[in-house]
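When a residue number appears, it is its place in the shown sequence, counting from 1.
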Amino acid sequence: MANQSTETNQPSNMQTYGVPIYAADWIPEVAVRSRIIMDPENSEEDESSSSSRSCIVLSGGGGEGRSGIPNVILICRVDLDINSLSEQPLGRLVLGTDLPYRMAVHPREGGLICALQNSCRLFGWDNIMSPREDNQAGEESEEVIQELKDVGQQLALAFNPEGSVLAAGAEDGTLRVFEWPSMNSLLNESQAHSSVKSLTFSENGKFLVSLGGPLCRVWEVNASTAVASLSKEKEEMFASCRFSVDSAGNEVLYVAANTERGGSIITWDTKSWKRKESKPIKKNSISAFNVSPDGKLLAIGTLEGDVLILDSTRKQTNQIVKKAHLGLVTALTFSPDSRCLVSVSFDSRARLTVIEKKNEKPGTRWWILAILFVILYVVAYYFLKAKGIIP
């Protein structure tokens with residue numbers, strides 16, 4: 001039987017946090033280890049036990065209207081040993097009338113950047129994780145990034161893998177790239193797209209791909225110039241992009257797209273910047289997309305609230321969670337070890353899905369044993385014949 005929440009009838013791997021959730025990501029272990037060890041509930045746990053406990057950060061809210069729904073940043077615990085999310089956040093920071101629509105977590109200990117309505121702000125982990133009665137405005141926990149102040153809504157934020165470069169894509173189509181944390185400008189392209197919807201850095205940080213409208217553009221970061229444009233075909237509408245590494249160790253670019261017939265995953269060669277393949281995901285319109293850190297899995301969230309996990313090599317569906325959410329999935333994020341996936345939605349819920357290990361197909365083991373038996377028989381036959389034991 002699935003683990004149940006002690007105060008609700010829903011499974012403990014699914015929690016409701018009271019606000020529409022727009023973004024989610026895992027917090028680097030180095031940034032939360034001391035907080036977990038100091039937790040009184042876990043003070044007697046050994047290191048191997050506490051290592052299975054991680055934290056995610058969620059952002060969302062009701063916007064600037066008078067809905068009564070606050071705009072918040074939440075820190076929640078994840079326990080993989082019992083497949084659960086904490087019922088109550090470890091930290092909760094209220095942001096007044098500013099909705100934290102998009103965010104980027106620094107890959108080390110550099111905190112969290114949130115895109116608000118007209119600016120971007122940097123938040124420190126310590127203040128978010130330490131609940132305070134007077135944190136309604138969050139003023140002491142945030143730092144307005146001057147270079148991203150009064151520049152309109154940013155729809156995409158991303159750090160490169162080292163955390164030394166920050167990219168921001170705006171609703172008005174402007175792409176800005178900065179060194180971090182100096183904020184020296186590397187690129188400021190006012191007409192990169194009609195609207196920038198997704199950003200992803202290559203594994204080595206050399207390339208940045210921006211997505212918006214009918215095309216993706218590939219930028220060489222150090223040269224601050226576009227080196228390729230990846231166009232849609234027929235009725236495709238690009239939705240999201242992610243770099244990863246395939247089973248052979250080669251870097252690839254995945255682009256999630258939607259058509260009238262459903263979604264598709266397009267794979268691009270990162271040397272020629274040509275399409276390698278396009279895999280239809282029939283009858284599923286993609287609202288969220290991500291790739292596991294080990295590159296073996298793809299995750300898709302749909303407008304209907306389903307979550308699909310695919311093998312990245314064959315693009316076959318390994319796992320489906322039907323009606324994981326009551327509405328469209330807004331964000332997906334794999335754990336750093338690729339063992340599980342967190343999905344969030346407008347329904348105010350976060351859901352933890354443990355990745356199922358694929359069992360061997362029936363008969364596979366017997367075929368292997370049969371082949372080994374034949375090989376051993378042939379080797380034994382020629383050995384005995386060479387010794388003259390058999391004619």
Asp269 and Ser272 side chains, donor-acceptor separation under 3.5 Å:
yes
Test item: Arg92 and Leu74 side chains (from C-beta on) under 4.5 Å apart, heavy atoms
yes
Indicate yes or no for a side-chain donor-acceptor contact from Ser345 to the backbone of Val329 under 3.5 Å, with no hydrogens or angles considered.
no
Can Leu328 and Thr302 be said to form a side-chain contact (heavy atoms from CB on, under 4.5 Å), step by step?
CA-CA 6 Å; Leu328 70 87; Thr302 73; over 6 Å; no
Take Trp273 and Val218, measure what side-chain contact (heavy atoms from CB on, under 4.5 Å) needs, and give me the verdict at the end.
CA-CA 9 Å; Trp273 299 113; Val218 183; 3.5 Å; yes
Please round to the nearest 0.5 Å and tell me the distance separating atom NZ of Lys274 and atom NZ of Lys276.
13.5 Å
Which atoms form the tightest heavy-atom contact between Ala168 and Gln154, and what is the distance?
CB-OE1, 3.5 Å
On a heavy-atom basis, the closest approach of Ser185 and Phe178 is CA-CD2, 4.0 Å
Nearest 0.5 Å, what's the OG-CG distance between Ser247 and Asp294?
11.5 Å
Does Asn204 have more than 12 heavy atoms from other residues, nucleotides or ligands lying within 6.0 Å of its CG?
yes
Quick check: closest heavy atoms across Thr174 and Ser190, and the distance to 0.1 Å?
OG1-O, 3.5 Å
Show the nearest heavy-atom pair for residues His106 and Gly163, with the distance to one decimal.
NE2-O, 3.0 Å
Answer yes or no: is there a donor N or O on one side and an acceptor on the other, between the side chain of Asn13 and the main chain of Leu352, under 3.5 Å?
yes
Going hydrophobic residue to hydrophobic residue with side-chain gaps under 4.5 angstrom, can you get from Ile69 over to Tyr17?
yes
Are Val227 and Val209 connected, step by step, through hydrophobic side chains (Ile, Leu, Val, Met, Phe, Trp, Tyr) whose heavy atoms are closer than 4.5 Å?
yes
Any salt bridge linking Arg275 with Glu233? Criterion: basic side-chain nitrogen under 4.0 Å from a carboxylate oxygen.
yes
Side chains of Val354 and Arg339 in contact at under 4.5 Å (non-hydrogen atoms):
no
Donor-acceptor contacts under 3.5 Å from residues 254-266 side chains, at least two apart:
residue : atom : partner : partner atom : Å
Asn258  : OD1  : Ile286  : N            : 2.7
Asn258  : ND2  : Ile286  : O            : 2.9
Thr259  : OG1  : Arg261  : N            : 3.2
Thr259  : OG1  : Gly262  : N            : 3.4
Thr259  : OG1  : Gly262  : O            : 3.0
Arg261  : NH1  : Glu235  : OE2          : 2.9

Residue list, ring-ring contact (aromatic ring centres under 6.0 Å, His included) with Phe243, at least two apart or on another chain:
none
Ignoring hydrogens and geometry, is there a side-chain-to-backbone donor-acceptor pair from Asn318 to Ile309 under 3.5 Å?
no
Please determine whether residues Leu157 and Val177 belong to a single hydrophobic cluster, defined as Ile, Leu, Val, Met, Phe, Trp and Tyr linked transitively by side-chain heavy-atom distances below 4.5 Å.
no
Hey, does Trp26 have a side-chain heavy atom less than 4.5 Å from the side chain of Thr333?
yes
Nearest heavy-atom pair of Ser198 and Ala239: which atoms, and what distance?
CB-O, 4.4 Å
Can you get from Val72 to Val342 by hopping between Ile, Leu, Val, Met, Phe, Trp and Tyr side chains that sit under 4.5 Å apart?
yes
Gly124 backbone acceptor or donor facing Asp126 side chain under 3.5 Å:
no
Salt bridge (charged side-chain N to carboxylate O under 4.0 Å, His left out): pairs with one or both residues in residues 97-110, sequence neighbours excluded
Asp98-Arg121
Sequence neighbours excluded - salt bridge (charged side-chain N to carboxylate O under 4.0 Å, His left out) pairs with any residue from residues 190-211:
none
Look at the side chain of Asn71 and the backbone N and O of Gly96, then say whether any donor-acceptor pair between them is shorter than 3.5 Å.
yes
CG/Asp79 to CD1/Ile82 distance, rounded to the nearest 0.5 angstrom?
4.5 Å
Show the numbers, then the answer: is there a side-chain contact (heavy atoms from CB on, under 4.5 Å) between Asn290 and Leu341?
CA-CA 10 Å; Asn290 216 330; Leu341 175 78; 5.6 Å; no
Output all residues satisfying ring-ring contact (aromatic ring centres under 6.0 Å, His included) with Phe346, sequence neighbours left out; order by chain, then residue number.
Tyr22
So do Phe123 and Leu93 actually touch side chain to side chain, heavy atoms under 4.5 Å?
yes
Indicate the ring-plane relationship of Phe159 and Trp180, choosing parallel, tilted or perpendicular according to the 30° and 60° boundaries.
perpendicular
Should Leu297 and Phe334 count as side-chain neighbours, where that means a heavy-atom distance under 4.5 Å?
yes
Flag the pair Trp268 / Val252 as yes when at least one side-chain heavy-atom distance between them is below 4.5 Å, and no otherwise.
no
Please confirm whether the backbone N or O of Gly301 pairs with a side-chain atom of Asp306, one donor and one acceptor, at under 3.5 Å?
no
Examine the side chains of Trp219 and Thr225 and answer whether a donor and an acceptor come within less than 3.5 Å of each other.
no
Nearest 0.5 Å, please: how far is CD in Gln319 from NZ in Lys357?
12.5 Å
Quick check: do Ile75 and Ile27 have side-chain heavy atoms less than 4.5 Å from each other?
yes
I'd like to know if Leu85 and Leu58 are part of one continuous hydrophobic network [Ile/Leu/Val/Met/Phe/Trp/Tyr, side-chain heavy atoms within less than 4.5 Å].
yes
Exam field: side chain Thr330 to backbone Ile21, donor-acceptor pair closer than 3.5 Å:
yes
Are Ile56 and Asp25 close enough that some pair of their side-chain heavy atoms sits under 4.5 Å apart?
no
Taking atom OG of Ser59 and atom CG of Leu112, what is their separation to the nearest 0.5 Å?
7.0 Å
Separation between OG (Ser119) and CD1 (Ile145), nearest 0.5 Å, reads 8.5 Å
Just jot down the salt bridge (charged side-chain N to carboxylate O under 4.0 Å, His left out) partners of Glu277, sequence neighbours excluded, or say none.
Lys315
Please answer whether the main-chain N or O of Glu64 pairs with a side-chain N or O of Thr97 as donor and acceptor at a distance below 3.5 Å.
no
Output, in order, the C-alpha distance, side-chain angles, deciding distance and verdict of side-chain contact (heavy atoms from CB on, under 4.5 Å) for Leu99 and Leu116.
CA-CA 6 Å; Leu99 171 67; Leu116 308 178; over 6 Å; no
Got a donor-acceptor contact below 3.5 angstrom from the His193 side chain to the Gly173 backbone?
no
Kindly say whether Gly18 contributes a backbone atom to a donor-acceptor pair with the side chain of Thr16 at under 3.5 angstrom?
no
Closest heavy-atom pair and its distance - Leu199, Ala156:
CD1-O, 3.6 Å
